[in-house]
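Shown next, in structure tokens, is the structure this report addresses.
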Amino acid sequence: MKAWGIFLLLLCLQAITYAVIGESQTCPAENVGKCDDSDWEGEFFPGINKIKYEGPSSKNPLSFKWYNAEEEILGKKMKDWFRFSVAFWHTFRGTGADPFGAPTKYWPWEDGTNSLKMAKRRMRANFEFINKLGVDWWCFHDRDIAPDGETLEEANANLDEVVALAKELQMQSKKKVLWGTAQLFMHPRYMHGAATRYAIRPVHDFLILIGFMSHKINWFYSSELGVYAYAAAQVKKALEVTHYLEGENYVFWGGREGYQSLLNTDMERELNHLARFFEAAVAYKKKIGFNGTLLIEPKPQEPTKHQYDWDAATTANFLRKYGLIGEFKLNIECNHATLSGHSCHHELETARINGLLGNIDANTGDPQVGWDTDQFLVDIQEATMIMLSVIRNGGIAPGGFNFDAKLRRESTDVEDLFIAHIIGMDTMARGLRNAATLIEDGTLAELVRKRYQSFDTEIGAQIEAGKADFDFLEKKAKEWGEPKVASAKQELAEMILQSAL
Ligand code: XUL
Ligand code: CO
């Protein structure tokens with residue numbers, strides 16, 4: 001009886017304490033776990049200071065060994081060569097879940113909901129992160145930063161609330177959006193694509209063809225037209241908020257603009273729809289005075305079996321066919337490049353020589369895994385090749401290097417978010433330093449020049465100017481006899497490259 005009495009007394013005391021003091025209104029950073037309804041008032045990354053350049057001999061994982069923002073390389077500050085950006089969707093919405101397994105990451109500030117309150121808290125975490133990391137840019141999809149709604153109006157209102165906070169945080173920290181985009185692939189309404197398809201139309205046409213139906217039924221069209229219109233409305237809003245957040249670019253990645261089977265697909269019609277969609281986006285961009293670059297991000301497949309913007313060359317052809325070439329550039333993603341059977345360097349060079357190199361989604365795949373693993377790029381040789389293209393392009397501003405990369409599922413510490421970005425930035429910085437060494441040394445350029453030197457002669461120049469017809473060339477072939485063919489010197493080129501690594 002006595003024990004029960006003490007227990008009841010303790011319960012009463014607890015009740016009185018809550019009534020007088022109230023529940024704790026803060027959720028301090030040390031409180032790893034759930035953060036009920038209260039606002040987060042601690043630091044999100046306690047114990048992590050602003051990341052500094054400490055040089056190659058540093059053993060501190062939370063320091064840059066090669067990226068020195070203010071250092072000039074080939075007449076430009078490192079930070080201006082790169083314009084590094086954090087991808088909100090991976091860094092703040094990545095959970096570690098994969099098709100076989102549950103989430104593995106439980107960041108202390110997350111409360112397990114997709115509420116507006118949580119969206120705002122995450123946005124604050126984003127700004128603390130980019131401030132501490134020392135990057136000036138961030139990228140987002142509309143639906144990563146704010147919850148979707150039951151209606152378009154509700155979704156837009158949610159977005160407006162989070163964007164207002166982002167704008168305030170941007171002003172305080174002098175950060176900006178590198179690019180924004182609309183997420184047109186997650187919601188089931190986009191399962192057939194967003195800007196391409198009347199999936200049901202071929203069935204409908206077939207029924208008319210065999211005489212089963214005699215006239216067009218609007219219902220068959222309405223749902224798919226509804227998707228196209230919804231996607232347009234979503235892009236319209238995403239363009240507006242990107243503009244409001246002083247975004248310098250806007251990206252189109254059409255994950256579901258493609259097909260699973262050509263049997264039920266009218267490819268020509270779908271591509272026409274896509275071009276009309278892009279035309280409307282160009283018109284709207286001009287209407288609202290958004291001067292950012294519109295970028296298309298090629299990817300061959302995943303989630304669709306075949307995506308229409310397969311690679312840089314396919315996308316360039318699409319833009320030329322529809323007269324859109326002057327309105328768009330490309331956002332080359334390295335992991336997408338390898339999925340399409342190319343190297344990142346190939347895709348960058350294809351974009352560059354077509355005047356289309358706009359931005360880089362800096363990541364990499366795994367040579368033993370066949371899908372888009374979105375890893376941080378840590379291969380110094382690849383980074384060097386990438387930077388050779390970027391330097392030849394004179395930089396990529398107003399584009400930049402967006403880390404469309406995520407932690408491995410098994411990396412679960414908060415500090416891993418920093419370490420991953422640091423090694424991504426250091427790797428690219430090593431690439432820049434190496435590429436600059438190669439360019440200043442000039443041996444590689446000389447090797448390449450020599451391979452084409454016969455075209456530097458008078459007749460070579462005539463050929464390059466399109467002034468040598470077949471009759472003339474036949475005459476020369478007879479006059480010169482069997483040509484001597486020189487070595488390509490590939491191994492020597494590889495040796496020169498390695499000397500700079
Ligand atoms: C998907 C991908 C996207 C785009 C933006 O593979 O790269 O994250 O960058 O939608
Ligand atoms: Co990407």
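Quantities reported herein were computed from a predicted structural model and do not represent experimental measurements. Counting starts at 1 for both ligands and their atoms, in listed order.
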Next item on the list: Looking at Glu333, pick out the N, O or S atom nearest to the Co ion (ligand 2) and give its name.
Entry: OE1
Notebook entry, point to check: Which option, Asp404, Asn359, Thr181, owns the non-hydrogen atom nearest atom 8 (O) of ligand 1?
Noted result: Asp404
Notebook entry, point to check: Does Arg83 count as lying over the ring of Trp137, i.e. NZ or CZ under 6.0 Å from the six-ring centre, within 45 degrees of the axis?
Noted result: yes
Next item on the list: Determine the interplanar angle of the Phe418 and Phe129 rings, folded into 0 to 90°, and report it as parallel if under 30°, tilted if 30 to 60°, perpendicular if over 60°.
Entry: tilted
Note to self: Taking a cutoff of less than 4.0 Å between a non-hydrogen atom of the residue and any ligand atom, is Phe252 in contact with ligand 1?
What the structure shows: no
Item checked: Short N or O distance, His141 and ligand 1, threshold 3.5 Å exclusive -> yes
Item checked: Proximity to ligand 1 by part of Val251, non-hydrogen separation under 4.0 Å -> neither
Check: Heavy atoms only: which of Trp253, Phe185, Trp89 is nearest to atom 1 (C) of ligand 1?
Finding: Trp253
Note to self: What is the name of the N/O/S atom of Asp361 that is nearest to the Co ion (ligand 2)?
What the structure shows: OD2
Item checked: Distance in Å, Arg352 CZ paired with His345 NE2, rounded so as to fall on 0.5 Å steps -> 8.0 Å
Next item on the list: Heavy-atom distances under 4.0 Å are what count here, so tell me which part of His336 touches ligand 1: side chain, backbone, both or neither.
Entry: side chain
Notebook entry, point to check: Does ligand 1 have an atom that lies less than 4.0 angstrom from a heavy atom of His90?
Noted result: no
